[in-house]
Amino acid sequence: MPLAHLKCGPPNAASPPIVPFPGGYAVGSAVLAISYYATAMIGLKLPLLAPNITLVWPPTGIAVAVLFLCGLRFWPAVFVAILAVNHTV
């Protein structure tokens, strides 16, 4: 089983991230923020009722996956990306 080494449950503060991001924290944060912003702009181009209401929101999946796999230390990148998206709306 390829994912057998992943541990379920809350991460320990002393434990390293489950899947380390290649390139380190700065590169990982930049990639996360850019991908969140780009997919948010794509999602906002698919409005249902109003220009800022959409049924498809892939940035949430990206953010949750990165935070779960790489650790909660990437939450500032998600926060900055959310601010950038809300500033453009």
Minimum side-chain heavy-atom gap V78-L32 below 4.5 Å: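 Yes, close enough: below the 4.5 Å cut-off.
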Output the distance between atom CG (L83) and atom OG1 (T88), rounded to the nearest 0.5 Å.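 Result: 11.0 Å between the selected atoms.
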Rounded distance [0.5 Å steps], CD1 in I42 versus CG in L44: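 Going from the CD1 atom of I42 to the CG atom of L44 covers 10.5 Å.
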For G43, is there any backbone N or O sitting under 3.5 Å from a side-chain donor or acceptor partner on T54?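 Yes.
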For a quick test of reading the model, state the closest non-hydrogen atom pair linking A77 to S29 and the distance between them.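 Reported closest heavy-atom pair: CB-O, 3.5 Å.
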Over all atoms of both residues, closest heavy-atom pair of C70 and R73: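 Closest approach of C70 to R73, heavy atoms only: O-NE, 3.8 Å.
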Side-chain heavy atoms under 4.5 angstrom apart, residues restricted to Ile, Leu, Val, Met, Phe, Trp, Tyr: same cluster for [X] and [Y]?
| X | Y | result |
| --- | --- | --- |
| F79 | V85 | yes |
| Y25 | I34 | no |
| W75 | V80 | no |

Aromatic ring pairing Y36/W57, orientation class (parallel under 30°, perpendicular over 60°, tilted between):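 Taking W57 first and then Y36, their aromatic rings stand perpendicular (interplane angle over 60°).
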